[in-house]
Amino acid sequence: MNSKDAEELLERAEALYRDHRLQSVREWKRRSGGLAVGYLPIYIPRELLHAQGVLPVGLMGGGDDLEVIRGDSYYQSYICHLPRSTLELGLNGSLDCLDGMIFPAICDVIRNMSGMWKMLFPDKLVRYLDLPQNFDREIGGKFYRRQLEELSQDMVALGARPLEEESLRRSMAIYNENRRLVRELWELRREEPWKVPASEFYLILRAGLVLAVEEHSRMLENYRMHVHADPGRKPMDQARVLVTGCFCEQPPLGFIKTLERAGCYIVEDDLVQIHRWFHRDIPLEGDPLENCIAAFLEDAVASPTRYIGDQEKGRELVERARRSGAEGVLFCAPSFCDPALLDQPMLVAAVEKAGIQWTGFKYTENLGQFQVIREQAGTFADSIRLWSGV
Amino acid sequence: MAGQEAGASAHKDPSQLRQKQMLAEYFTRLAQAPETGGRCAYTFVPGNLTELLLSFDVLPVLPEINALQSGMRGKSRDYIALAEKLGHSEDVCTYVKCDIGMLKSGNIGPTGQRIPAPSLLLLSYTGCFTFVKWFELLREQYRCPAVMLHVPYQGDGRITASMRSYVVDQLRKRVIPALEQVTGKAYDEERLRELLARSAAAENDFSWILEAAKNIPSPIDAYFGGVYYISPIFTAFRGTPEAVSYYRELRAEVEERLRLKKGPVTPKGELGRERYRVVVEGPPNWTSFWQFWEMFAEEGAVVVASSYTKVGGIYENGFRHDPSRPLESLAEYCMGCYTNLNLPTRTAMLARYLQEYRADGFLVNSVKSCDSFSAGQLLILREVENRTGKPGGFIESDLVDPRYFSAANVKNRLESYFQMIEQKRRREGIS
């Protein structure tokens with residue numbers, strides 16, 4: 001892959017990121033004749049939809065280049081921004097190519113939004129996916145299985161093919177491969193962050209929300225080839241940081257670039273978390289649906305949207321910081337994000353106990369002023385580079 | 001659920017005084033628990049398992065109630081400030097911050113007595129995601145056993161067999177074993193049945209009381225007054241003989257008011273002419289509770305139905321705790337609370353209230369702290385207006401953060417709202 005190809009690849013990824021009207025999804029539907037179903041962050045079992053020939057389309061709000069007018073009229077000032085922009089996109093017809101919407105259990109705002117969608121778009125399929133908070137296979141697993149069976153039946157009712165074991169197994173293998181490619185880049189970024197700038201990697205991951213998984217995997221492979229081949233990617237004197245709290249409403253691309261320009265290598269983060277929801281591949285042997293369930297129950301990341309029962313709060317964050325060699329943690333949460341902000345005091349305590357430096361910001365997806373962020377992140381990066389270990 | 005000191009000068013019904021006494025005795029029992037060997041479990045109001053806890057002789061402690069009591073007693077401002085100083089965001093639920101601040105200030109309850117540390121944190125995750133984080137935070141502080149009951153949301157507006165068995169499985173395999181371990185007692189289903197039978201008796205009377213507001217004039221205020229009526233049944237008393245007799249007496253009191261065609265008792269005494277009948281969505285503001293109520297009373301406005309009085313459970317559809325199927329019945333109760341209903345169901349319910357209670361309008365009190373209630377309220381408002389043709393009004397405040405209650409602003413909005421109803425009546429030729 002030459003540098004022109006790489007440039008085109010990144011341009012395509014950015015175009016997909018800014019394509020609120022989902023042209024790529026419309027084209028996919030035209031080509032394949034298949035169904036496309038949208039989902040809100042953070043996690044849904046995409047393998048199931050894929051196995052039934054449905055394109056799962058991840059929606060993460062409207063970013064910083066969508067003017068929100070009607071969406072705002074449905075929400076009070078103290079509600080986060082993502083539901084406003086998502087509603088705006090629904091109301092202005094941008095999402096009309098979607099045959100249905102899945103609202104996974106994240107927080108009360110997204111949960112209630114599932115009902116709003118039912119009222120505002122009565123002709124569309126709306127499914128609230130109640131992800132279990134009991135992680136015992138015999139209890140939560142049984143409930144989750146029924147949730148997934150109902151989801152699968154919903155797809156059939158829309159016109160998708162029924163879920164079959166073999167096709168599910170094939171889809172799981174395809175998604176395992178996709179996640180493996182993401183993990184490889186993730187590890188490369190940890191080891192040589194100058195080769196995989198977070199602002200580029202983020203766009204590549206966002207593309208995976210709207211592209212067919214097979215096409216996204218090719219994009220990941222091409223990007224990996226490019227970063228390995230590009231001699232221009234040289235190390236700089238940057239502080240290694242972990243960015244956490246941004247798992248649902250995403251910061252604008254300019255925010256991520258600002259952190260990098262302020263002297264931070266983002267070596268670990270929560271952005272577009274669905275690609276790394278599981279630590280390992282989902283096994284293919286045995287009952288594939290049961291394996292998807294077990295992976296969700298037993299192998300998922302310690303997301304703030306999951307009840308942490310026996311484990312110590314913040315342990316996984318500290319482990320991630322250590323594993324990635326992060327020298328500092330940036331708590332970056334969207335304004336009014338309950339899961340992130342309620343978690344933060346516990347995570348801060350864990351990080352402090354581990355002797356890791358931290359700082360915190362809040363943002364909205366349409367944030368336009370980065371100067372303050374740049375100054376704060378720059379000071380933080382300087383403090384790590386100049387004073388850590390003193 | 002209402003506090004005592006802030007409204008000490010207000011006129012009170014005999015039932016309110018009785019309730020005050022019940023609460024005082026309960027807090028005394030709690031305070032004495034460390035000496036008497038009693039145990040308590042911290043848990044939440046929506047979908048609470050009071051009967052199950054009482055069957056193990058465990059007293060429930062409800063942090064939301066402590067927070068609202070702190071709000072009514074003028075203590076929440078300092079508690080919230082303390083929690084924010086400790087790193088809790090200004091954006092999040094003030095109940096949580098008030099509770100954390102109270103804990104850090106010695107955990108002194110509304111009667112001035114110390115609330116004991118929990119023997120168990122029973123996290124009934126019903127209708128509010130914040131509950132999950134709240135108890136993760138408390139667990140860090142108390143380092144005591146915690147058990148989670150995940151109550152599925154009625155996303156499709158109904159309870160399925162899978163949802164029911166999920167809750168029952170958790171009760172059998174998680175909650176009951178945790179209670180057995182903490183108390184050293186075996187699960188006694190017969191005792192639970194007895195408690196549930198008493199719950200059903202109280203629920204019959206409670207349901208009748210709320211529906212008494214369908215009469216004109218309404219003998220009760222189903223929001224501000226309703227806060228008192230729901231207190232025993234949604235907190236530590238459901239299933240007890242005290243609750244049964246409280247609701248029997250309250251019903252007799254309401255029956256008498258009905259016979260005499262009297263309106264509700266407000267902070268300023270008996271309401272004279274009932275001028276406006278409204279349905280209210282959302283919890284009240286607690287820091288200015290009495291002032292807020294007076295704003296309605298001064299206008300002759302009575303709240304004839306409210307969603308807040310359904311936050312701990314809904315009985316108007318015939319649900320009663322059923323001793324013949326104890327765990328299934330508890331599961332259905334948990335899943336049936338108001339904030340566990342999807343938006344279309346909530347909207348339909350509120351529109352129905354406007355018709356059935358012959359209300360003049362619909363008001364939303366949108367509280368900053370509670371996304372579970374608030375997210376979607378503006379759509380509910382539009383829909384209810386569209387379906388009923390009745391005017392809707394919108395007020396913003398908070399649960400226990402006094403910084404978010406602007407009395408002049410709220411009063412101004414309410415006055416304008418009632419004028420709007422008046423104008424509509426004139427246009428329609430109704431006096």
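Residue numbers begin at 1 in each chain, while the letters A, B, ... track the order of the sequences. Atoms considered below: every heavy atom in the structure, side chains included; atoms not considered: hydrogens, waters and symmetry mates.
Contact count versus chain B (heavy atoms, under 4.5 Å) is highest, among A:Val126, A:Val348, A:Leu129, A:Thr305, for A:Thr305. Per-residue counts of heavy-atom pairs under 4.5 Å with chain B were compared for A:Pro83, A:Gly140, A:Gly360; the largest is that of A:Gly140. Ranked by non-hydrogen atom pairs under 4.5 Å with chain A, the options B:Gly157, B:Cys93, B:Gly155, B:Ser366 are led by B:Ser366. Of the residues considered (B:Arg172, B:Glu140, B:Lys173), B:Glu140 shows the highest number of contacts with chain A, using heavy-atom pairs under 4.5 Å. Looking only at heavy-atom pairs under 4.5 Å with chain A, the residue among B:Thr345, B:Asp156, B:Thr160 that has the most is B:Asp156.
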key: Full working for side-chain contact (heavy atoms from CB on, under 4.5 Å) between A:Tyr307 and B:His150   = CA-CA 10 Å; A:Tyr307 173 61; B:His150 174 207; over 6 Å; no
ask   = Run the side-chain contact (heavy atoms from CB on, under 4.5 Å) check on A:Tyr78 and B:Ser374 step by step: do they pass?
value = CA-CA 9 Å; A:Tyr78 49 80; B:Ser374 302; 3.4 Å; yes
task = May I have the step-by-step check of side-chain contact (heavy atoms from CB on, under 4.5 Å) for B:Gln170 and A:Asp136, ending in yes or no?
result = CA-CA 10 Å; B:Gln170 292 176 83; A:Asp136 183 323; over 6 Å; no
ask   = After noting the C-alpha distance and the side-chain angles of A:Met113 and B:Leu379, does the key distance pass the side-chain contact (heavy atoms from CB on, under 4.5 Å) rule?
value = CA-CA 10 Å; A:Met113 197 181 183; B:Leu379 178 59; over 6 Å; no
query = Between A:Lys362 and B:Glu90, does a salt bridge (charged side-chain N to carboxylate O under 4.0 Å, His left out) hold up when you go through it step by step?
reply = CA-CA 11 Å; A:Lys362 278 194 297 187; B:Glu90 64 271 26; 3.3 Å; yes
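For a residue to count as touching a neighbouring chain, one of its non-hydrogen atoms must lie under 4.5 Å from one of that chain's; by this rule B:Cys370 does not touch chain A. Contacts between A:Leu341 and chain B at a heavy-atom distance below 4.5 Å involve backbone atoms as well as side-chain atoms. At a 4.5 Å heavy-atom cutoff, B:Val364 makes no contact with chain A through either its backbone or its side chain. Interface remark: B:Ser369 contributes no atoms to any contact with chain A (heavy atom separation under 4.5 Å). If you measure heavy-atom distances from A:Leu87 to chain B, you find no contacts under 4.5 Å at all. At a 4.5 Å heavy-atom cutoff, B:Leu381 makes no contact with chain A through either its backbone or its side chain.
Atom CD of A:Glu138 sits in a sparse spot, with 12 or fewer heavy atoms from other residues, nucleotides or ligands closer than 6.0 Å. Counting non-hydrogen atoms of neighbouring residues, nucleotides and ligands closer than 6.0 angstrom, the CD atom of B:Gln181 reaches no more than 12 such neighbours.
Between A:Tyr128 and B:Tyr153, the gap from one ring centroid to the other is short of 6.0 Å.
Taking CG from B:Leu378 and CE from A:Met116, the interatomic distance works out to 8.0 Å, rounded to the nearest 0.5 Å. Annotation: the span from A:Ser114 atom OG to B:Leu343 atom CG amounts to 7.5 Å, rounded to 0.5 Å. For the atom pair NZ of A:Lys313 and CD of B:Glu136, the computed distance is 3.5 Å after rounding to the nearest 0.5 Å. Between the CG atom of B:Leu137 and the CG atom of A:Asp343 there is a distance of 8.0 Å, given to the nearest 0.5 Å. Here the OG-CD distance, from B:Ser162 to A:Glu150, works out to 6.0 Å after rounding to the nearest 0.5 Å. A distance of 7.5 Å separates SG of A:Cys80 from CG of B:Asp371, quoted to the nearest 0.5 Å.
Nearest heavy-atom pair, A:Asp108 versus B:Gly127, reported as atom, atom and distance to 0.1 Å: OD1-O, 4.2 Å. In plain terms, the two heavy atoms of A:Pro304 and B:Phe129 that are nearest each other are O-CZ, 3.5 Å. Taking all atoms of both residues into account, the shortest heavy-atom contact from A:Tyr75 to B:Gly376 is CE2-N, 4.3 Å. Across all non-hydrogen atoms, the minimal contact from A:Pro345 to B:Gly87 is CG-O, 3.8 Å.
Below 4.5 Å, heavy atoms of chain A meet heavy atoms from B:Phe394, B:Glu396, all part of residues 391-405 of chain B.
Between the side chains of A:Arg111 and B:Thr339, no donor-acceptor pair is found at a separation under 3.5 Å.
No side-chain donor-acceptor contact under 3.5 Å links B:Lys368 to the backbone of A:Gln76. Checked by atom type and distance alone, the side chain of B:Asp169 never pairs as donor or acceptor with a backbone atom of A:Ile139 at under 3.5 Å. Without hydrogens or angle criteria, A:Gln344 side chain to B:His88 main chain gives no donor-acceptor distance under 3.5 Å. Side-chain atoms of A:Asn134 never come within 3.5 Å of backbone atoms of B:Leu149 as a donor-acceptor pair (strictly under, hydrogens ignored).
Ion pairing between B:Lys133 and A:Asp338 fails under the 4.0 Å rule for side-chain N and carboxylate O. The pair A:Glu312-B:Arg139 fails the salt-bridge criterion, with no side-chain N (NZ, NE, NH1 or NH2) lying under 4.0 Å from an Asp/Glu carboxylate O.
A cation-pi arrangement is absent between A:Arg146 and B:Tyr166 under the rule of less than 6.0 angstrom and at most 45 degrees off the ring axis.
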